[in-house]
Amino acid sequence: MSELYKELEQLAPQGYAVGLHIRFATPLVYYSKYPPKWVEYYNANSYYLRDPLVFWGIGTTGTRRWSEIPLPDPFGLLKKAAGYGMKFGAVSSYGPITSRSMAGICHSEREFTDEEMDVLSDITARLHIAAKPPSELTKAQVEALECIANGDRHAAAAAKLGISESAFKARLNSARIRLEARTTSEALRKAREYRLL
């Protein structure tokens, strides 16, 4: 997904934010490159609960410029964002309501062109697909990852589970493959993000 983040960075000179597979009001993956002072201010005031862009994205799919979103902004978030150099922006929403993904981009000098909007739409869809979480892990994979999460070394974990160390390593390897993770720590992080542990 890092290549897709690079594409967003080239598209959005003033930053971007991505929330992927939003379920129960929480994204499984969240990544922001908006200006740090804005992110700090936004989070300190819990503006995600009042953000018209988030409400629009949760409620519908498509791609719109901030100026085209017909929702009220009673807390003046868009004006406040402009004070941090985020004067123009766009948001794209993709996927079913039960697992929606959103990407927002901003610019300090001009509206995004129709062509840039199409690129944002395409990147959002590709991020959604790339981040699709597995629906489940096997009991053996969960047990192996939980042992690692609890700080057990391979030999101790294998003994705890009553299996050989090579069998334990095979379980970890199968969990990494299932989660498309390069390392065990990445597999553990993804399993937690996907709420599989």
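Worth knowing before you read on, the calculation uses all heavy atoms, side chains too, and leaves out hydrogens, waters and symmetry mates.
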Checklist entry - So, do Tyr84 and Tyr34 have ring centers that fall under 6.0 Å from each other? => result no

Next on the checklist: Aromatic contact between His107 and Phe88, with the criterion being ring centroids under 6.0 Å apart: yes or no?
Outcome noted: no

Next on the checklist: If I take atom CG from residue Asp73 and atom CG from residue Asp51, how far apart are they, to the nearest 0.5 angstrom?
Outcome noted: 7.5 Å

Next on the checklist: Checking side-chain polar atoms at under 3.5 Å, does Tyr48 have a donor or acceptor matched by the opposite partner on Asn43?
Outcome noted: no

Next on the checklist: Under a 4.0 Å threshold between the charged nitrogen and the carboxylate oxygen, would Glu9 count as salt-bridged to Lys6?
Outcome noted: no

Next on the checklist: Just so I know, are the side chains of Arg171 and Leu145 near enough to count as touching, which here means a heavy-atom distance under 4.5 Å?
Outcome noted: no

Checklist entry - Do Leu127 and Tyr5 come within less than 4.5 Å of each other through their side chains, counting heavy atoms only? => result yes

Next on the checklist: Do Leu179 and Leu137 have side chains that approach each other closer than 4.5 Å (heavy atoms only, starting at C-beta)?
Outcome noted: yes

Checklist entry - Could Arg178 and Glu136 be called an ion pair, given the rule that one side-chain N must be under 4.0 Å from one carboxylate O? => result no

Item to check | Lys/Arg-Asp/Glu bridge criterion (N-O < 4.0 Å) met for Lys160, Glu146 | outcome: no

Checklist outcome for this item: One should read off an interatomic distance between Glu115 CD and Leu120 CG, to the nearest 0.5 angstrom, of 13.0 Å

Checklist outcome for this item: Distance col, row Lys33:NZ vs Gln14:CD, nearest 0.5 angstrom, shows 12.5 Å

Checklist entry - If we only count heavy atoms from C-beta on, is the Phe168 to Cys147 side-chain gap below 4.5 Å? => result yes

Next on the checklist: Under 4.0 Å between a side-chain nitrogen and a carboxylate oxygen: does that hold for Glu68 and Arg65?
Outcome noted: yes

